[in-house]
Amino acid sequence: HDEPVGTAKATRAYALPSRFVLHTVGPQVPGALHDGHAADLASCYRSCLDVAARLPGVRTVAFCGISTGEYGYPKREAARVAIATVAAWLADRPDAFDLVLFNVFGNEDRAAYLDAFDAC
């Protein structure tokens with residue numbers, strides 16, 4: 001069945017080099033961005049962090065650029081939402097994780113995240 005946008009689940013990672021995989025459904029952006037897109041994307045990050053914090057022994061979380069591929073979320077705006085949301089979540093729970101990573105797929109993604117870090 002369809003999963004709602006902004007929620008998250010975890011499954012075992014099996015042969016992947018981690019113990020768990022977090023799954024979330026990001027917002028689709030077929031046209032112009034609106035405030036609801038940012039709220040939905042922020043919910044994805046918060047939900048993933050909430051789920052990961054409840055998993056046994058998880059101290060590191062890695063994120064890809066949620067919704068920035070086929071779902072059409074502009075990379076720079078998505079990076080800003082990701083960094084701000086994760087920073088706010090961690091500020092409320094400073095001991096939840098040892099490391100949160102943002103995995104980028106190219107120089108454009110890297111530049112978007114570096115700019116978002118600088119703005120945060």
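Heads up: numbering here begins at 1 and tracks the sequence. Just so it is clear, the values below take in all heavy atoms, side chains as well, and ignore hydrogens, waters and symmetry mates.
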Give me the atom names and distance for the closest heavy-atom approach of Val5 to Pro27. CG1-N, 3.8 Å
Output every pair passing ring pair (Phe, Tyr, Trp, His ring centres under 6.0 Å) with a member in residues 14-41, not counting sequence neighbours, ordered by first then second residue. His34-His37
What distance separates Ile83 CD1 from Cys120 SG, expressed to the nearest 0.5 Å? 7.0 Å
Can you list the other members of the hydrophobic cluster that holds Val21, where links are side-chain heavy atoms under 4.5 angstrom apart? Leu16
Inter-residue atom distance Asp50.CG - Tyr45.OH, 0.5 Å rounding: 14.5 Å
Okay, side chain of Thr7, backbone of Pro4: is any donor-acceptor separation there less than 3.5 Å? yes
Non-hydrogen atoms of Gly26 and Cys44 that approach each other most closely: CA-SG, 3.6 Å
Once the angle between the rings of Phe117 and Phe102 is folded into 0 to 90°, is it parallel (under 30°), tilted (30 to 60°) or perpendicular (over 60°)? perpendicular
Taking the side chain from Thr24 and the backbone from Ala8, do they hold a donor-acceptor pair closer than 3.5 Å? no
Could you tell me the separation between the CZ atom of Arg12 and the CZ atom of Arg19, rounded to the nearest 0.5 Å? 8.0 Å
When rounded to the nearest 0.5 angstrom, what is the spacing between CZ in Arg76 and OG1 in Thr68? 12.5 Å
Going only through I, L, V, M, F, W and Y residues with side-chain contacts under 4.5 Å, is there a path from Phe105 to Tyr113? no
Return yes if some donor-acceptor pair links the side-chain N/O of Thr85 with the main-chain N/O of Ala82 below 3.5 Å, else return no. no
Could you give the distance from CG (Asp40) to CD (Gln28), rounded to the nearest 0.5 Å? 11.0 Å
Could you name each residue pair satisfying ring pair (Phe, Tyr, Trp, His ring centres under 6.0 Å) that touches residues 65-89, not counting sequence neighbours? Trp89-Phe97
What distance separates Ile66 CD1 from Cys64 SG, expressed to the nearest 0.5 Å? 5.5 Å
